[in-house]
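This is a predicted model, so every value here is computed, not measured. This chain uses plain numbering: 1 for the first residue, then up along the sequence.
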Amino acid sequence: MDIQKLSVAYIRQGLMVTVALALIAFLVMQVKYLDLLTPVIVSVAFSLVVCVSIALIWRRVALRSADSLPTFFTAVSGFRMLLALAVMFVYYLVDTQDSMLRFFMVFIAFYFAMLAHHSIFFARINNR
């Protein structure tokens with residue numbers, strides 16, 4: 001199993017999922033005339049930073065101590081959730097009350113897509 005290629009594939013797939021969701025959000029913006037630009041930008045930035053971070057840290061852990069991978073997966077889940085809660089809390093403090101629901105809905109869609117990508121990707125790798 002080539003760890004380097006798998007980490008690049010994880011980043012590439014994460015980028016494709018993020019771009020697809022962003023395009024869907026932009027389509028919704030055009031059809032429904034909603035202002036979703038800020039939530040989409042924040043969600044895309046969050047998704048890409050977390051995706052690249054996970055891939056780089058996973059590559060390092062897999063190469064140096066493969067026995068620590070279960071601990072890594074548990075830590076990643078907790079880290080991702082806490083980081084998402086922190087982003088939502090900061091947005092809550094900064095933005096007005098009327099756009100909070102739209103932000104949370106867009107952000108949660110990106111979060112669940114990222115979670116599904118992570119789960120499916122690493123389930124395939126572990127089943128090999």
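Note on Tyr111: it clusters hydrophobically with Phe79, by side-chain heavy-atom contacts below 4.5 Å among ILVMFWY residues. A continuous path of hydrophobic side-chain contacts links Leu69 to Val50 [ILVMFWY only; heavy atoms under 4.5 Å]. Leu23 is connected to Leu34 through a chain of hydrophobic side-chain contacts under 4.5 Å among Ile, Leu, Val, Met, Phe, Trp and Tyr, so both are in one cluster. In the hydrophobic cluster analysis, where Ile, Leu, Val, Met, Phe, Trp and Tyr join through side-chain heavy atoms closer than 4.5 angstrom, Tyr10 is grouped apart from Val49. Under the 4.5 Å side-chain heavy-atom criterion for grouping Ile, Leu, Val, Met, Phe, Trp and Tyr, Val90 is not connected to Phe104 through any hydrophobic cluster.
Screening residues 19-52 for ring pair (Phe, Tyr, Trp, His ring centres under 6.0 Å), with sequence neighbours left out, gives Phe46-Phe107.
For the atom pair CD1 (Ile57) and CZ (Arg60), the distance works out to 9.5 Å, reported to the nearest 0.5 Å. With rounding to the nearest 0.5 angstrom, the OG atom of Ser119 is 10.0 Å from the CZ atom of Phe73. Atoms CD1 and CE, from Ile24 and Met29 in turn, are 14.0 Å apart once rounded to the nearest 0.5 Å. Separation of atoms OG1 (Thr38) and CZ (Arg102) is listed at 10.0 Å; rounding is to 0.5 Å. Remark: Leu63 CG to Trp58 CH2 distance equals 8.0 Å, nearest 0.5 Å. A distance of 7.0 Å separates CZ of Arg59 from CD1 of Ile11, quoted to the nearest 0.5 Å.
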| task | Assess whether side-chain contact (heavy atoms from CB on, under 4.5 Å) is satisfied between Leu37 and Ile41, documenting all intermediate values. | result | CA-CA 6 Å; Leu37 187 59; Ile41 290 172; 3.9 Å; yes

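Considering every non-hydrogen atom in both Tyr91 and Ser99, the closest pair reads OH-OG, 4.2 Å. Taking every heavy atom of both residues into account, Leu6 and Phe121 meet most closely at O-CZ, 3.2 Å. Taking each heavy atom of Ala22 and Phe110 in turn, the nearest pair found is N-CZ, 3.7 Å. Contact record, Ala109 with Leu21: O-CD1, 3.9 Å, taken as the closest heavy-atom pair. Of all non-hydrogen atoms in Val106 and Leu36, the two that sit nearest each other are CG2-CD2, 4.0 Å.
Met16 belongs to no hydrophobic cluster with other residues, because no ILVMFWY side-chain heavy atom falls under 4.5 Å from its own, directly or through intermediates.
Side-chain contact check for Phe72 versus Ile54: some heavy-atom pair is nearer than 4.5 Å. At a threshold of 4.5 Å between non-hydrogen side-chain atoms, the residues His117 and Thr18 do not count as touching. Contact check for Gln13 versus Val17: no side-chain heavy atoms found under the 4.5 Å cut-off. Between Asp95 and Phe103, every side-chain heavy-atom pair lies at or beyond the 4.5 Å cut-off.
More than 12 heavy atoms of other residues, nucleotides or ligands shown are found within 6.0 angstrom of CE on Met100. Counting heavy atoms of neighbouring residues, nucleotides and ligands inside a 6.0 Å radius, atom CG of Asn126 exceeds 12 of them.
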